[in-house]
Structure formats: structure tokens, C-alpha cells
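Every chain is numbered from 1, with letters handed out A, B, ... down the list of sequences. Values below: every heavy atom of this structure, side chains too, minus hydrogens, waters and symmetry copies.
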Protein chains: 2
Amino acid sequence: MKTSAPTKSVSSQTQGRNNDQVREHNLAAILTLLSQNKSLTRSALATLSGMNRSTISVLMTELQALGLVSEISPDETLQKGRPSFVASLSSEVAVFGVNIESKFTDVCLVTLSGEIIASQRISTPKLPAPQQIIESIAQTIEVLLATQSKPLRIGGIGVAVPGQIRLADGLVRLAPHLRWVEAPFGSMLEEATGMPVFVGNNATLGATAEHAFGAAKGYSDIVYLYSGTSGIGGGVIVGGELLRGAAGYAGELGHVVISDSPSEDYSGFHGTLESLIRQEDMFACLGLAADDERGLETALAQPLGIEAQAILESQSRLLAAAISSFANIFNPQLILLGGYLGAIYAADQTRLAQFAFERILSAPGENLHIRRAELGPNQIIKGAAGLAISALIRAPKSSSAIL
Amino acid sequence: MKTSAPTKSVSSQTQGRNNDQVREHNLAAILTLLSQNKSLTRSALATLSGMNRSTISVLMTELQALGLVSEISPDETLQKGRPSFVASLSSEVAVFGVNIESKFTDVCLVTLSGEIIASQRISTPKLPAPQQIIESIAQTIEVLLATQSKPLRIGGIGVAVPGQIRLADGLVRLAPHLRWVEAPFGSMLEEATGMPVFVGNNATLGATAEHAFGAAKGYSDIVYLYSGTSGIGGGVIVGGELLRGAAGYAGELGHVVISDSPSEDYSGFHGTLESLIRQEDMFACLGLAADDERGLETALAQPLGIEAQAILESQSRLLAAAISSFANIFNPQLILLGGYLGAIYAADQTRLAQFAFERILSAPGENLHIRRAELGPNQIIKGAAGLAISALIRAPKSSSAIL
DNA sequence: TTGAATTTGTTCTAGTCAAGAACAAAATAG
DNA sequence: CTATTTTGTTCTTGACTAGAACAAATTCAA
């Protein structure tokens with residue numbers, strides 16, 4: 001255990017606020033509403049935000065001047081009275097989303113609404129070194145930008161890395177599957193591209209993606225659990241915000257102890273969720289390649305053999321134990337299951353829910369829903385892009401898009 | 001599982017903000033600084049809050065008019081230059097803290113700084129019914145107010161209940177040790193006393209108490225674990241705010257699954273932390289009464305018998321498993337152990353830390369500290385009072401103290 | 001003891017912000 | 001074509017914070 005004095009953090013609770021921050025907050029409120037709703041009339045924005053018509057007018061003028069919002073006259077009017085302008089996030093601003101895995105790296109160009117408008121995959125047959133993959137990413141970004149028909153302004157780059165990331169500066173502390181240790185990835189990519197870079201853990205970004213664009217849209221408290229080839233991770237949304245913890249390492253939900261079993265996870269810890277639910281067991285039992293997700297879906301949709309049934313039931317019980325714990329800890333509205341855990345849910349929904357609710361207290365259990373994540377393969381990259389998008393949305397005046 | 005649509009919550013992220021809220025926020029910032037620091041000069045307030053001297057001047061005038069702050073001229077001046085006024089929270093405003101247990105209920109008068117200035121215990125040989133204990137509390141409040149030498153203005157009543165509490169309205173959903181079910185305690189006490197009432201879970205309030213007044217003062221991310229005669233509970237502070245969850249039931253940290261064991265906790269769940277660390281085992285082994293905390297301290301300070309050693313080691317291992325999980329989930333700066341768990345820590349600190357850090361990832365573990373809670377027996381009641389205090393501090397204009 | 005330097009409180013002004021009123025614009029309904 | 005309804009725009013008002021200028025209260029040095 002450490003002996004030095006713990007680091008205290010001063011909250012913004014004690015910081016003074018002035019008119020500038022009011023304006024910034026109100027601009028962000030409009031942008032947040034637009035990102036949640038695709039397009040809204042001015043009068044709807046006024047109603048939803050609680051602000052006056054005249055204030056909305058001023059704010060919209062400013063957002064249009066910043067190039068973040070575009071307005072059109074409505075095609076059809078269903079009400080009587082003067083028709084209200086329809087506003088939506090500008091399609092001329094975009095961000096890059098990057099997802100780094102051991103065998104490939106995806107780079108996508110994503111609009112502020114979360115739509116992928118261009119995409120390219122960098123294959124890495126050997127494990128990529130940070131400097132090497134950064135050069136490839138920078139090149140790919142150039143290519144993607146050059147092949148766009150209309151000029152785009154870029155808000156930044158969001159990157160998903162399978163490891164422990166210090167959010168403050170995008171330092172990759174440890175990424176076991178990439179064999180990266182203490183790689184200052186964020187600052188390196190920032191230097192290589194000149195764009196603001198935001199780095200996060202891949203499973204955590206799955207959670208923010210589902211929250212921003214997927215099954216958890218509009219919810220304030222969710223727990224997201226994900227299993228992929230690199231183990232089990234997750235992310236938690238608390239009061240609408242990602243649970244970050246002291247330095248951004250929170251959300252390692254695969255490394256919770258749920259059993260006395262001596263079996264070890266990829267970090268060498270025994271009895272954890274990740275040590276016990278090993279998706280490769282099921283893939284092997286069904287005779288599938290380790291990353292054949294489609295094959296898994298079709299195989300699980302059909303009647304299972306005895307061995308596969310046993311694995312499924314065992315894993316349902318284990319997953320249920322973790323779900324129970326997280327329900328009691330977080331009192332979420334929604335627990336989302338992604339990757340292989342979503343497949344377990346789809347195949348064994350009733351039993352999984354039954355096992356889970358056996359050990360959830362009545363009060364936190366009463367409005368709790370368990371669902372499968374819905375974003376699929378682009379989930380993580382959308383979450384990564386979301387990092388850059390939300391940075392832009394939260395500080396529209398200070399961080400105006402470059403290019 | 002439920003079939004109705006999950007409840008979504010709209011965050012204040014999308015709500016417009018105006019000048020009124022700026023003032024309210026800045027007043028709250030000053031009060032928060034004063035509650036963290038007991039007394040501060042005006043110039044220190046300006047530095048810490050980042051606001052201008054002139055703004056501080058206006059704010060202090062308003063806070064004095066509200067009767068929430070008092071200022072004195074400093075006794076000694078160490079600097080050259082005009083001496084700055086020394087401000088502190090007014091001692092003429094107080095709140096009531098109430099802690100309800102099965103055998104007794106404590107009612108305390110607590111200043112805004114968290115000092116207990118008067119206290120009275122209501123004994124309840126039989127389990128108290130809600131209506132009955134409310135009458136006793138109302139009477140005790142009258143008595144405590146009448147016996148004060150100087151007149152006090154009262155900001156509200158904070159109540160700690162050992163059960164699942166809906167924070168929004170203080171509804172006690174279930175309090176097994178009191179045998180209360182769906183008791184609208186908050187609104188009942190509000191009606192009986194005419195004061196604003198805030199109700200919370202007792203273990204959760206232990207966390208907020210340590211955060212506001214105790215070992216976790218100034219930290220932003222902490223996990224608090226507590227064991228008492230009614231089982232194991234806890235509370236989590238995330239980014240300086242209590243983790244509430246969708247309806248306020250978050251923080252049931254005793255009901256996390258850590259083992260395959262069939263032993264059951266007080267809610268009938270098997271394999272949970274509460275089911276496995278039973279403090280009565282140790283009390284019985286040492287020949288102590290179930291609530292003899294002092295006896296436990298002295299007994300644990302001396303060499304233990306073989307059986308007690310075995311219990312201690314077993315419980316250390318189990319507690320360590322939970323600590324590991326919470327460190328990986330929350331990445332806190334501090335994990336605090338209260339009640340019997342604090343005693344385990346004191347008796348077996350080295351081994352406990354060793355067991356715990358075996359299964360904590362390197363990054364979340366590196367600035368993590370494990371400590372014993374320091375507030376002792378008045379912890380919960382201070383947390384309860386803290387509910388009313390923070391309500392007053394956060395909305396100083398709207399909720400001005402009554403009486 | 002006196003005056004310079006320093007720090008802080010107070011007052012006044014300037015600039016920004018949101019709300020609301022008044023008015024203009026653009027649709028529907030008859 | 002006119003009345004009604006709804007929305008956008010403009011102008012005024014009130015509230016807020018920041019900053020400048022000045023006054024007040026201390027220390028330090030001569």
C-alpha cells in the first residue's frame with residue numbers, strides 16, 4: 001500500500017461563476033438537445049430548455065455564426081401560426097473516431113450526430129507500436145479528409161484503446177493486449193495531427209456510445225457490461241455522466257470478484273467475472289473461430305447441445321451474480337449487455353433475469369431493466385468519436401472546430 | 001423482470017440557466033468554502049473562488065443579510081496591509097440530525113459547521129412504529145429548542161434510517177430491522193414539525209459524514225464500507241457527490257456477490273459480502289455482547305486466540321475481495337472502513353492491504369489509500385444533519401432557515 | 001512619530017446576459 | 001380576403017460580475 005498522502009481533488013463546486021459561463025452553458029444546452037433529438041424547432045428548443053424565445057434567437061444566431069448548427073424552413077407545417085425554423089447540428093463539422101485493436105485499427109469520420117460518413121481500416125498483422133500506428137492514423141486522416149466531396153471542419157479525434165487510460169492527458173498506462181506500457185498516446189497523436197485528441201478505454205466508450213446514440217439514450221443511470229476477445233470490461237453512467245473515478249480508470253467491471261474459484265483472468269486475478277466467463281469456452285464448444293460473432297449468433301439461435309447448454313447456464317449464473325451486485329451498488333435504470341454478454345442475454349434472457357433478480361434488493365430492482373446493447377460493431381468507434389463530440393458540445397465557444 | 005418502459009431522467013444538462021442561478025451558485029460556493037474551512041478571510045474567499053474582491057463584497061453582504069454568515073475583525077494580523085474580515089458560518093443557524101435504530105433514536109442539534117451542540121436519546125425498548133417515533137422526535141425537538149440559551153434559526157431535519165429510502169420524498173421503502181414497509185416517513189415528519197425533512201440510508205450517510213467532516217474531507221472519490229449490528233452497507237462519493245442512482249437506492253455495498261458460498265445475508269442473498277463477514281462471529285468468539293464495541297477494541301488490541309485469528313484472517317480475505325472489486329469499479333482515492341470493518345482494518349491492516357492489492361489493477365491501485373473512518377459513534381447523525389446542511393448551503397436564497 | 005508601501009473593502013461604471021414586451025412575419029381557418 | 005394563431009426579431013429592463021478608482025487599515029522604515 002502507498003504511504004504518501006492521497007491526492008485530494010477540489011471540485012468546481014467552490015468556483016465562482018459569471019455571465020460567460022452562463023452563455024457557454026446555454027449554448028451547450030442547445031447543442032445537447034440537438035444531439036439527443038437530431039432536429040428540433042426553435043420553439044421546441046425553448047420549451048425543452050425553459051429559455052425564452054428571444055434568448056433562443058440570440059443563441060441560435062451565435063451557434064450559426066460558430067458554424068455548429070444549421071437551420072432550414074420546415075417542409076410541412078402541421079400547426080397554424082408562423083412555422084418555426086428547424087435546427088440541427090451542422091453536417092459541415094465532424095470528428096474522427098479511432099478504435100485500436102491488436103489486429104487492426106479503424107479510423108472513421110463521424111458527424112456531430114454520430115453518423116459515420118467515411119471509414120478506413122488499418123491492418124496490423126504484427127502488434128502495432130504507438131509511434132507506428134500514430135503515423136498510420138495521421139496518414140489515414142489525411143486520406144479521409146482529401147476524399148470528402150465537401151470541405152469539413154474537424155472538432156478533434158477520439159480514440160478507443162483496450163487498456164487503462166489516464167483521461168487527463170491520454171496516457172496509456174497499460175494496454176496488455178497491445179503490449180503498451182506508459183505510452184503517451186494522446187499527446188503524441190495531438191502532435192502528429194495538430195488536432196485535439198481524447199483517449200478512453202474501449203469498453204467504457206461502449207457505454208458512452210450506447211448512452212449517446214444507442215439503447216441507453218436519454219437515461220441517466222446505466223451500467224454497461226461488455227465481453228470481447230480481450231476480456232470483460234464495462235462502463236457506468238451516473239447522473240448522465242460517465243463514472244471516471246480519481247484519474248479516469250473507473251469502470252473495470254470485469255475485475256470484480258464474484259467467486260472463490262482459483263481460475264484467473266487476463267490480469268492474473270482469480271475469481272473475477274472475467275476469469276469465469278470466458279467467451280472462448282463457448283466459441284470452442286460450438287466449433288467457431290474466436291472472433292466469429294456472426295457464427296455465434298446463428299449457432300445460439302438454434303437448439304444447443306448438452307455441453308453448450310451447460311456452459312450457457314453456468315455463464316448465465318455468473319453474469320447474473322455480477323448484474324445483481326451492480327444493481328445493488330448503482331441502482332441503475334438500465335443494465336446493458338454488449339458483445340458476447342449480449343449474446344448470452346439473447347440466448348438465455350429469462351433465466352438470466354431470474355438469476356439476477358434473486359439477489360437484487362426490492363427497491364433498486366423495481367424499475368431496473370436488463371437489455372442487450374444495440375449499436376453493434378461500430379459501437380466503440382462511435383463512443384470514441386463521442387469523446388470529441390461532447391468536448392465540442394460542452395465548450396462550443398472556446399473549442400471551435402479547426403480546419 | 002419488469003415489462004413497462006424504463007423511466008428516463010432528463011438531466012439538468014439541457015436546462016437553460018440565467019443570472020439568478022449564477023448568484024445562487026456563487027453564494028453556495030462561498031458557503032461551501034466556509035463549510036470546508038471553518039473560517040476564511042474575504043481575500044482567501046476571493047482567491048479560492050476565483051471571484052473578484054468586489055463580487056465577494058456583494059455576496060458577503062447578502063449572506064449576512066440572510067443570517068447565514070458572520071464576520072469578525074481578525075485578532076492578529078500577520079501581513080502588512082489592511083486586515084481582511086474573517087468570515088465563518090453563522091452559529092445562530094442550526095439543523096437537527098436524527099438517527100433511528102431499533103433500540104433507540106438519537107436527536108441532535110448540529111451547527112452548520114457540523115458541531116453537535118445538544119443531544120438527546122429516545123429509548124425504544126420495543127421496535128418503534130413510524131407515527132410513534134415521529135411524535136417522540138417532534139417532542140424532543142421542542143425540548144432541545146427550548147433549552148437553548150440563545151435563539152436559533154433551524155434549517156431543517158436530516159434523518160438516518162437503516163433501510164432503503166427513496167430520496168425524492170423520504171419514503172422508507174423497506175427497513176427490515178425496524179420492520180417498516182412503505183412508510184412515508186419524510187412527509188410525516190415534515191407535517192409534524194413544519195420543518196423541511198431529508199431522509200437517507202444510515203450507511204450512506206456515514207459516507208457523506210466522513211466526506212464532509214471526517215477522514216475523507218476534501219477528497220472527490222471515495223468508497224465507504226460499514227458494518228454494524230444491522231449488517232453491512234456503504235456509500236460512494238463520485239466527483240464530490242454522493243452516488244444516488246436512479247431513485248436513491250445506490251450504495252448497497254454489503255449486497256455484492258463475492259463468493260459461491262451458500263450462506264445468506266439479512267436479505268436472504270447468498271454469497272454476498274454481508275452474508276460472509278458477520279461481525280457477530282467475532283463478538284461471540286471473543287465472548288462479547290453483540291454491541292460491545294469498546295470491548296471489541298480492547299480485545300482486538302491484545303493477542304488473539306487461534307479461533308479468533310482464524311476468523312480475522314478469513315474476514316480480512318473476504319473484505320479484501322470486496323475492496324479489490326470496489327477499487328477496480330470506482331478508481332477511488334480513498335476506501336474508508338467504518339464500524340466493525342474499521343476494527344478489522346486496525347487489527348489486520350498489513351494483511352488486509354496485501355490481500356486487497358493482489359487483485360487491484362495497477363493504475364487504479366497506485367494512488368489508492370485504505371483507511372479507517374474517524375468520526376466514530378456520532379458519524380451517522382452528523383451525516384444526517386449534513387443532508388439538511390447541504391440543502392441549505394446549495395440553495396441559500398430559496399431555502400432560508402425558518403424560526 | 002511620521003510617511004511610504006501594501007493589502008483590502010467599497011463604490012461606481014461598463015459590459016454581458018436572459019427575460020419580457022411590443023411588433024413584425026408567416027402560416028391556417030373560415 | 002380577413003381574423004386568428006404561432007413564431008421570430010428588436011428593444012428595453014433588471015441582474016450580475018469584473019475592473020477601476022478611491023478610501024481604509026495595517027506594517028515597515030526612517
Side-chain angles (χ1 to χ4, degrees), chain A residues 12 14-30 33 39-66 69-87 395-398, chain B residues 12 14-30 33 39-66 69-87 395-398:
Chain A
S12 69
T14 60
Q15 285 297 301
R17 186 178 286 166
N18 59 25
N19 269 341
D20 289 354
Q21 287 147 289
V22 171
R23 173 56 65 95
E24 190 99 37
H25 171 96
N26 287 344
L27 291 173
I30 302 264
L33 282 169
S39 72
L40 286 170
T41 63
R42 281 202 188 183
S43 69
L45 284 170
T47 310
L48 291 171
S49 70
M51 289 187 280
N52 192 282
R53 279 212 306 274
S54 59
T55 309
I56 298 289
S57 183
V58 175
L59 295 174
M60 294 307 288
T61 308
E62 180 161 357
L63 286 173
Q64 282 181 303
L66 288 168
V69 161
S70 59
E71 282 186 317
I72 54 170
S73 296
D75 301 342
E76 300 176 335
T77 56
L78 301 166
Q79 285 182 318
K80 57 182 168 181
R82 177 175 176 173
S84 192
F85 294 147
V86 177
K397 280 174 90 171
S398 37
Chain B
S12 69
T14 59
Q15 285 297 299
R17 187 179 284 164
N18 59 24
N19 272 339
D20 291 354
Q21 286 149 288
V22 171
R23 173 56 64 94
E24 190 98 37
H25 172 96
N26 288 343
L27 292 172
I30 301 264
L33 283 168
S39 73
L40 286 169
T41 63
R42 280 201 188 185
S43 69
L45 284 170
T47 310
L48 291 170
S49 70
M51 289 187 280
N52 193 281
R53 282 212 305 274
S54 59
T55 308
I56 299 289
S57 183
V58 175
L59 294 174
M60 294 306 288
T61 308
E62 179 161 357
L63 286 173
Q64 282 180 302
L66 286 168
V69 161
S70 59
E71 281 187 317
I72 54 170
S73 295
D75 300 342
E76 302 174 334
T77 57
L78 302 168
Q79 286 183 316
K80 55 183 169 181
R82 176 173 176 174
S84 192
F85 294 147
V86 176
K397 279 173 89 170
S398 38

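Remark: B:T41 engages B:S43 in a side chain to side chain donor-acceptor pair (under 3.5 Å) (not counting sequence neighbours). B:S57 meets the side chain to side chain contact (heavy atoms under 4.5 Å, CB included) test with B:R42; sequence neighbours excluded. The side chain to side chain contact (heavy atoms under 4.5 Å, CB included) search around A:S39 returns A:V86, A:S88, not counting sequence neighbours. Under the side chain to side chain donor-acceptor pair (under 3.5 Å) criterion, B:D20 pairs with no residue, sequence neighbours left out. Residues passing the side chain to side chain contact (heavy atoms under 4.5 Å, CB included) test with B:S54 are B:N52, sequence neighbours excluded. Remark: A:T55 pairs with no residue by the side chain to side chain donor-acceptor pair (under 3.5 Å) rule, at least two apart or across chains.
Scanning residues 49-60 of chain A for heavy-atom distances under 4.0 Å to DNA chain D yields A:R53, A:S54, A:S57. Against DNA chain C, the stretch residues 21-29 of chain A makes heavy-atom approaches under 4.0 Å through A:V22, A:R23, A:N26.
Here D:dG8 presents its P atom at 12 Å from CD of A:Q64, a figure rounded to the nearest Å. The distance between atom CD of B:Q15 and atom P of C:dA18, rounded to the nearest whole Å, is 14 Å. A:N18 places its CG atom 14 Å from the C1' atom of D:dA15, with the value rounded to the nearest Å. A straight line from CG of B:N19 to P of D:dG14 spans 14 Å, rounded to a whole angstrom.
When every heavy atom of A:A87 is checked against every heavy atom of A:E71, the shortest pair comes out as CB-CG, 3.7 Å. When every heavy atom of B:S49 is checked against every heavy atom of B:I56, the shortest pair comes out as OG-CD1, 3.8 Å. B:P396 and B:L27 make their closest contact through CG-CB, 3.6 Å (heavy atoms, listed as atom of the first residue, atom of the second, distance). The heavy-atom pair separating B:M60 from B:V69 by the smallest distance is CE-CG1, 3.6 Å.
In terms of modelled atom types and a separation under 3.5 Å, the side chain of A:H25 and the main chain of B:N18 share no donor-acceptor contact. Between the side chain of A:E24 and the backbone N or O of A:N19 there is no donor-acceptor pair closer than 3.5 Å.
With axes fitted over five pairs at each extremity, the angle between the ends of the helix from C:dT1-D:dA30 to C:dG30-D:dC1 is 0° (10° resolution).
Distance from the side chain of A:Q79 is smallest for D:dT6 among the nucleotides D:dG8, D:dT6, C:dT8.
Toward the 5' end of DNA chain D, the nearer of the two residues A:R17 and A:S43, judged by each one's closest nucleotide, is A:S43.
The salt bridge (charged side-chain N to carboxylate O under 4.0 Å, His left out) pairs that include a residue from residues 47-64 of chain A are A:R23-A:E62, A:E62-A:K397, where partners are two or more places apart or lie in different chains.
Phosphate contact (OP1/OP2 of C:dG9, side-chain N/O of B:S84, threshold under 4.0 Å): present. Of the side-chain N and O atoms in A:K397, none sit less than 4.0 angstrom from OP1 or OP2 of C:dT16.
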Under 3.5 Å, N/O pairs linking protein and nucleotides 3-5 of chain D:
| residue | atom | partner | partner atom | Å |
| --- | --- | --- | --- | --- |
| D:dT5 | O2 | A:G81 | N | 3.4 |

